[in-house]
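One structure is given here, and the rest of the page talks about it.
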Amino acid sequence: MNIYDSTRMLDILRPLGYLPVHAQDDADLLILNTCHIREKAAEKVYSELGLVRQLKNAKARRGDHMIVAVGGCVAQAEGAEVLRRAPFVDLVFGPQSYHLLPELIGRALRRAGGGVLATDFPVEPKFDHLPEPSVQQGVTAFLTVQEGCDKFCSFCVVPYTRGAEYSRPVAEVLAEARRAVASGVREITLLGQNVNAYHGKGPDGRPCGLGGLVRGLACLPGLGRIRYTTSHPQDVDDELIAAHRDVPELMPYIHLPVQSGSDRILVAMNRRHTAGAYRRIVERLRLACPDLALSSDFIVGFPGESDGDFQATLDLVDEIGFAQAYSFKYSQRLGTPAASAADQIPERVKSDRLAALQLALDKQKRQFNEACIGKVLTVLLEKPGRHDGQMVGRSPYLQSIHVAAAAERIGEIVSALITDASANSLSGSLAEAVGA
Ligand code: 5AD
Ligand code: SF4
């Protein structure tokens with residue numbers, strides 16, 4: 001979502017004369033678009049700012065001015081702290097304020113004393129005030145359809161940094177998708193912190209769910225593939241499951257975070273689903289779409305997690321079988337309920353559990369990739385690979401696939417016979433084109 005947000009920031013800055021540059025040194029305006037989800041991500045911002053300060057000083061010595069802005073969720077959550085720790089920062093703005101960038105930059109340019117801080121949640125949705133997205137560069141694109149979250153999992157900062165749930169109207173999403181397809185996009189990934197809580201205003205004025213939105217998008221000629229991320233188990237409804245059964249453009253892949261396999265921990269996390277409910281959802285999805293591949297997020301070392309709770313997570317992994325997954329050590333986030341829990345888990349235990357979980361998940365990923373050898377998979381050719389004459393694309397299951405193909409074929413959906421698999425990618429040889 002930050003990548004998408006950065007492209008939309010560029011859209012609003014272009015009319016002011018700003019263009020992207022490749023070297024930071026050439027920039028008149030440098031924006032760090034930041035993530036606050038775990039402490040590590042937030043700390044990265046301050047170390048990066050150390051380098052930016054040197055850059056800004058060096059430019060100043062040459063008589064050049066550089067505006068430094070910090071956007072995104074770190075700005076939202078600890079904007080005043082950013083200005084305190086890095087007083088050379090001219091502007092701090094939250095994720096709901098980037099449509100105000102022209103005005104904010106104007107204020108930053110005129111600034112007399114401290115930096116400009118813009119972290120209120122504006123009343124009007126930013127999407128109404130952003131210019132149309134500029135021409136797409138590649139054959140795949142992100143499209144934010146939903147933002148914010150009302151779930152309040154007890155470990156998570158998102159409801160505080162991104163604000164309340166908001167869904168863009170169907171017509172707006174379709175218009176943005178149509179423009180993307182017209183500029184060469186063949187695959188769209190619908191984005192939202194809670195994408196399957198999507199309930200945008202439909203053409204009939206009534207709310208439309210994600211399944212309905214997917215069906216609408218699938219009617220756009222030229223759009224070959226649709227994906228979405230990230231989903232919450234509680235919001236997987238019949239309509240979405242039916243879309244996985246009926247819509248060939250919807251890729252057979254779902255990123256469905258479970259976080260833990262222990263009901264006791266899921267309650268403490270305020271996840272609103274049990275491990276059993278998760279298993280049943282997966283079963284229904286697989287019934288509707290037998291080749292569906294699953295991805296997930298896991299947190300280990302949540303406060304109070306016992307060896308037994310962690311074992312329940314390993315059991316769930318074993319039972320479900322994931323094509324790939326992300327796993328994290330629990331990170332205390334100030335202001336979230338779990339941060340003040342008394343029974344925090346020692347770092348060493350967290351590290352051991354993470355290593356054990358990642359071992360299991362890596363093994364499943366390898367097995368999933370190896371099971372593709374000998375199969376014919378469709379590939380959307382995206383860009384040249386590292387070797388001459390080689391192109392890279394993605395399988396329906398989001399695996400990278402390397403094939404020998406001409407560069408003119410970028411943007412085509414071809415089929416490839418998979419001949420080799422490694423931990424992170426597949427390679428194959430081109431079969432016939434299917435729906436170029
Ligand atoms: N600590 C560790 N991981 C977290 N996530 C969210 N908040 C935290 C936290 N405090 C993980 C969850 C979520 C993913 C985006 O980041 O697994 O699904
Ligand atoms: Fe955070 Fe996702 Fe929970 Fe919302 S549903 S609070 S974004 S982990």
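Numbering of ligands and ligand atoms starts at 1, following listing order. The first residue of the sequence shown is numbered 1, and numbering continues consecutively from there.
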Nearest neighbour of atom 7 (S) of ligand 2 from the list Val158, Asp235, Ile37, on a heavy-atom basis:
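Looking at heavy atoms only, the winner is Val158.
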
Starting from [atom], locate the nearest protein heavy atom and write down its residue, its atom name and how far away it is, to 0.1 Å.
{"atom": "atom 1 (N) of ligand 1", "result": "Ser331 N, 2.9 Å"}
{"atom": "atom 7 (N) of ligand 1", "result": "Phe155 CD1, 3.3 Å"}
{"atom": "atom 1 (Fe) of ligand 2", "result": "Cys156 SG, 2.3 Å"}
{"atom": "atom 5 (N) of ligand 1", "result": "Arg38 NH1, 3.4 Å"}
{"atom": "atom 14 (C) of ligand 1", "result": "Asp297 OD2, 3.3 Å"}
{"atom": "atom 6 (C) of ligand 1", "result": "Ile37 CG1, 3.4 Å"}
{"atom": "atom 6 (S) of ligand 2", "result": "Cys153 N, 3.3 Å"}
{"atom": "atom 12 (C) of ligand 1", "result": "Gln259 OE1, 3.4 Å"}

N/O/S atom of Cys149 inside 2.8 Å of atom 4 (Fe) of ligand 2, strictly under
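Checking Cys149: at least one N, O or S atom is under 2.8 Å.
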
Judging by distance only, is a nitrogen or oxygen of Cys156 under 3.5 angstrom from one on ligand 1?
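For ligand 1, there is no N or O atom that lies under 3.5 Å from one belonging to Cys156.
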
Report yes if some N/O of Arg333 lies less than 3.5 Å from some N/O of ligand 1; otherwise report no.
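Between Arg333 and ligand 1, no N or O pair is found under 3.5 Å apart.
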
Any Arg162 heavy atom less than 4.0 Å from ligand 2:
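Arg162 does not count as a contact of ligand 2 under the 4.0 Å cut-off.
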
For ligand 2, the portion of Asn194 having any non-hydrogen atom under 4.0 Å away:
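The answer is the side chain of Asn194.
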
Heavy atoms only, cut-off 4.0 Å: how does Phe328 contact ligand 1, side chain, backbone, both, or neither?
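It is the side chain that gets close, since no backbone atom is under 4.0 Å.
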
Which bit of Lys329 gets closer than 4.0 Å to ligand 1, counting heavy atoms only: side chain, backbone, both or neither?
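Backbone only.
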
is_close_aromatic(Tyr160, His36), centroid dist under 6.0 Å
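No, they do not, as the ring centres are separated by 6.0 Å or more.
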
Phe322 ring center near Phe298 ring center (under 6.0 Å)
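Between Phe322 and Phe298, the centre distance is under 6.0 Å.
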
Can you list the atoms of ligand 2 that are under 4.0 Å from a heavy atom of [X]?
{"X": "Phe155", "value": "8 (S)"}
{"X": "Lys151", "value": "4 (Fe), 5 (S)"}
{"X": "His232", "value": "5 (S)"}
{"X": "Phe152", "value": "6 (S)"}
{"X": "Pro159", "value": "6 (S)"}

Within the structure provided, determine whether [X] and [Y] are in side-chain contact (heavy-atom separation under 4.5 Å).
{"X": "Tyr166", "Y": "Gln146", "answer": "no"}
{"X": "Val74", "Y": "Thr161", "answer": "no"}
{"X": "Leu381", "Y": "Val414", "answer": "yes"}
{"X": "Ile37", "Y": "Cys156", "answer": "yes"}
{"X": "Leu240", "Y": "Tyr228", "answer": "yes"}

Salt-bridge present ([X], [Y]; N to O < 4.0 Å):
{"X": "Arg353", "Y": "Glu305", "result": "yes"}
{"X": "Lys329", "Y": "Glu347", "result": "yes"}
{"X": "Lys365", "Y": "Asp362", "result": "no"}

NZ of Lys151: more than 12 outside heavy atoms within 6.0 angstrom?
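Above 12, so yes.
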
What do you reckon, is CD of Glu39 surrounded by more than 12 foreign heavy atoms closer than 6.0 Å?
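No, the 6.0 Å shell around CD holds no more than 12 heavy atoms from other groups.
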
Return the minimal non-hydrogen interatomic distance between Glu176 and Tyr4, and the atom names on each side.
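Residues Glu176 and Tyr4, closest heavy atoms: OE2-OH, 2.7 Å.
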
